[in-house]
Number of protein chains: 2
Amino acid sequence: MPDTPPITEAEMLSRLRLARSRRVGATTFHRLLAEHGSAAAALAALPAIARAAGAEGYEPCPEGVARAELAAGRRAGARLLPFGAPGYPPALADLDDAPPLLWALGDPALAARPMVALVGARNASSLGLRMAQRLARELGAAGFTVVSGLARGIDAAAHEAALATGTIGVQAGGIDVVYPAENATLSARMAREGLRLAELPPGTQPQARHFPQRNRIIAGLARATVVIEAAARSGSLLTARNALDYGREVMAVPGHPMDARAAGCNLLIRDGAVLVRNAEDVIEALGGSAPVASGPAPLPVAAPVQSPLPGPETGAAEARILAALGPSPTPEDLLLRSLGLAPAVLARSLVLLEIEGRVIRHPGGLLSLG
Amino acid sequence: MPDTPPITEAEMLSRLRLARSRRVGATTFHRLLAEHGSAAAALAALPAIARAAGAEGYEPCPEGVARAELAAGRRAGARLLPFGAPGYPPALADLDDAPPLLWALGDPALAARPMVALVGARNASSLGLRMAQRLARELGAAGFTVVSGLARGIDAAAHEAALATGTIGVQAGGIDVVYPAENATLSARMAREGLRLAELPPGTQPQARHFPQRNRIIAGLARATVVIEAAARSGSLLTARNALDYGREVMAVPGHPMDARAAGCNLLIRDGAVLVRNAEDVIEALGGSAPVASGPAPLPVAAPVQSPLPGPETGAAEARILAALGPSPTPEDLLLRSLGLAPAVLARSLVLLEIEGRVIRHPGGLLSLG
């Protein structure tokens with residue numbers, strides 16, 4: 001990315017502090033950065049923004065905490081990839097909720113190649129595991145980096161089979177936290193021969209609420225997400241949903257309707273996902289030719305947004321947003337249309353409400369009451 | 001069918017003779033009947049038509065042969081259903097190649113209800129057999145007559161499970177020929193509690209070339225053909241093809257890509273067939289509501305066609321048709337467009353060429369060199 005000015009050590013630290021500040025999600029991070037020009041400026045403005053929103057005593061993430069995280073990452077042998085810097089995965093660059101920073105262990109060049117995500121059940125059948133291995137091997141041979149979540153079952157089978165050609169494991173917890181324990185050997189090999197990525201700070205133990213965040217990164221990295229075996233309500237379907245939201249291809253391996261592990265896949269196919277029998281089906285659906293290693297995609301230039309400092313009518317906009325939202329997540333674009341607010345007004349109000357903790361952002365542009 | 005004049009015994013015999021005459025396929029039968037107003041008149045014209053086409057010594061089916069067939073059918077306890085007569089399945093009435101006659105054993109009223117065909121592999125898996133039984137039972141309970149081919153495997157399982165609600169078995173050989181032998185008990189029950197239909201004369205042993213003809217009847221009877229388990233190149237896929245040609249729904253039960261018995265079904269789904277997990281999926285794709293027993297559909301009135309006696313330019317048209325056709329079947333409508341002949345001229349020439357044995361008609365409006 002020759003056109004991007006290098007990120008100084010000080011700015012890197014500020015970005016880390018901004019990203020780790022309470023109520024600052026990925027989308028808010030990018031908005032604040034665009035509005036204030038630098039993470040340092042955004043950090044300086046954050047207490048006033050919070051105060052204006054009625055959140056007294058708001059403190060951004062202290063510098064010491066960020067320094068400690070940097071030290072922990074270095075101890076783990078990992079490298080911090082800030083959004084927009086060299087090594088940051090180009091495929092994530094155009095996502096509204098791209099991770100502000102990623103900890104990386106291994107070869108970041110693997111993320112510059114075209115990627116396919118192979119995801120599926122932890123309690124996979126032997127047929128499912130064989131399918132994961134075969135697809136991983138064949139897609140790897142065709143030039144794709146295979147992305148998955150380093151979980152048991154389908155994930156582990158796909159990573160193992162793609163170690164020789166290139167594979168990326170996206171972790172729900174910290175880069176130095178091996179989970180599950182049975183994947184310790186695989187995890188170690190992934191760091192040496194592949195690439196491991198983690199959005200959360202080193203030391204973070206993965207919890208249920210972290211998995212949707214991690215799944216969005218898998219979906220965002222890959223041109224296509226292929227679901228290999230998945231029950232009706234499973235995390236793999238949420239990853240597929242992320243992929244759809246990001247405009248990526250969703251594909252699924254069918255199974256017999258009497259096999260519960262096929263229910264999610266068959267549902268996706270009924271809903272329009274590409275039916276996958278083999279790697280050729282995936283390659284054909286992606287345009288028919290083996291991938292060519294692409295250079296990094298150009299970074300999007302964030303549009304300038306008005307200052308989030310509250311103007312006279314902000315209170316009214318916030319009240320309308322709160323009235324329109326409920327506990328179950330609603331797409332932001334739907335909210336925009338139904339309220340008829342100017343996008344800049346909505347954006348500003350949402351930043352305030354999010355910092356205040358009254359609105360929660362979910363992956364895929366969804367909002368709910370906090 | 002109150003508006004259809006009753007068919008006399010003599011006309012019935014003539015229809016049987018016309019249908020059994022060499023080179024007179026189902027489509028030609030309907031054309032000759034429409035052109036000549038009655039089977040007797042068409043029979044009388046047949047030798048001249050053949051002579052004009054250069055086939056010397058052509059003889060229509062002798063009356064004695066037809067009488068012997070009628071006697072054999074009666075001995076079997078079967079009833080002859082001529083096209084357009086009461087009891088003839090309304091669903092077949094609008095097909096170009098509707099069977100001129102059908103031998104029936106059992107209750108023809110079952111063919112006046114909405115039908116779903118369940119077809120699939122003879123060497124089905126236990127999962128496939130269970131799926132056939134479940135779909136047959138649930139579709140039967142929803143008011144559909146279940147149609148199949150009385151073969152081993154999927155067919156037999158579907159018939160068995162639908163005996164209580166109504167099922168039709170279409171036979172490739174004669175109505176009195178039980179094939180395969182292991183289905184003897186099922187066949188006997190089908191005659192008593194369901195309906196068996198056969199297009200070919202009693203006593204005919206089913207041969208490989210008879211199955212495509214039989215499959216078109218299955219596809220033609222049913223609103224939807226559901227393929228339950230089928231290898232990549234199998235008769236069930238041809239039945240599905242017939243259903244598409246007839247404008248009926250094609251549906252398939254998915255299976256794991258590593259199971260060869262799922263290959264045909266997965267192929268159909270990739271090509272746009274409805275993915276079927278259960279009876280609700282079938283019913284939903286057919287319009288979402290359980291069927292209402294429908295009265296017989298109105299019979300189509302065949303358009304008057306010019307006399308097939310050769311005019312001065314017929315020879316040229318025939319030569320062009322023969323030049324355009326090859327050994328592999330071509331759709332008639334494609335031939336019509338590519339030759340730019342008037343439909344009546346093409347129809348007349350094809351009757352001649354077919355009687356002459358130089359052109360063969362295949363199910364689904366396909367033509368090839370004889």
Side-chain angles (χ1 to χ4, degrees), chain A residues 118 120-121 124-139 154 157 161 224 226-232 237 249-286 288, chain B residues 118 120-121 124-139 154 157 161 224 226-232 237 249-286 288:
Chain A
L118 300 179
S125 70
S126 65
L127 219 54
L129 294 175
R130 276 166 54 205
M131 194 71 190
Q133 287 158 358
R134 184 191 288 185
L135 286 177
R137 210 164 36 234
E138 294 177 1
L139 289 168
I154 297 294
V226 182
V227 184
I228 293 182
E229 238 179 10
L237 296 195
E249 288 286 345
V250 174
M251 312 188 183
V253 174
H256 198 276
M258 285 177 179
D259 181 352
R261 282 174 288 213
C265 291
N266 289 343
L267 187 75
L268 287 173
I269 295 168
R270 271 183 70 85
D271 288 349
V274 173
L275 185 151
V276 168
R277 297 163 302 176
N278 46 45
E280 290 74 51
D281 285 345
V282 176
I283 295 167
E284 185 192 314
L286 283 176
Chain B
L118 299 179
S125 71
S126 65
L127 219 53
L129 295 175
R130 275 165 55 203
M131 194 71 191
Q133 287 159 357
R134 184 192 287 186
L135 287 177
R137 208 163 40 233
E138 294 178 1
L139 290 168
I154 297 294
V226 183
V227 183
I228 293 182
E229 237 179 10
L237 295 196
E249 288 287 345
V250 173
M251 311 187 184
V253 175
H256 198 275
M258 284 177 179
D259 181 353
R261 283 174 287 212
C265 291
N266 288 343
L267 189 74
L268 288 173
I269 295 168
R270 270 183 71 84
D271 288 349
V274 173
L275 185 151
V276 168
R277 297 164 302 176
N278 46 45
E280 290 74 51
D281 284 345
V282 176
I283 295 167
E284 185 192 316
L286 284 176

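Since this is a predicted model, take the numbers as computed values, not measurements. Below, read A as the first sequence line, B as the second, and so on, with proteins coming before strands; counting in each chain starts at 1.
The heavy-atom pair separating L275(A) from R270(B) by the smallest distance is O-NH1, 2.7 Å. In plain terms, the two heavy atoms of P254(B) and P254(A) that are nearest each other are CB-CB, 3.8 Å.
Once rounded to the nearest 0.5 Å, the distance linking CG of N278(A) with CG of N266(B) reads 10.5 Å. Distance check, rounded to the nearest 0.5 Å: NE2 of H256(A) to CG of L127(B) gives 4.0 Å.
For a residue to count as touching a neighbouring chain, one of its non-hydrogen atoms must lie under 4.5 Å from one of that chain's; by this rule M131(A) touches chain B with backbone and side chain alike. With a 4.5 angstrom heavy-atom cutoff, R134(B) touches chain A only via side-chain atoms. Only the side chain of V274(A) comes within less than 4.5 Å of a heavy atom of chain B; its backbone N, CA, C and O stay farther away. Neither the backbone nor the side chain of D259(A) comes within contact range of chain B; no heavy atoms are under 4.5 Å apart.
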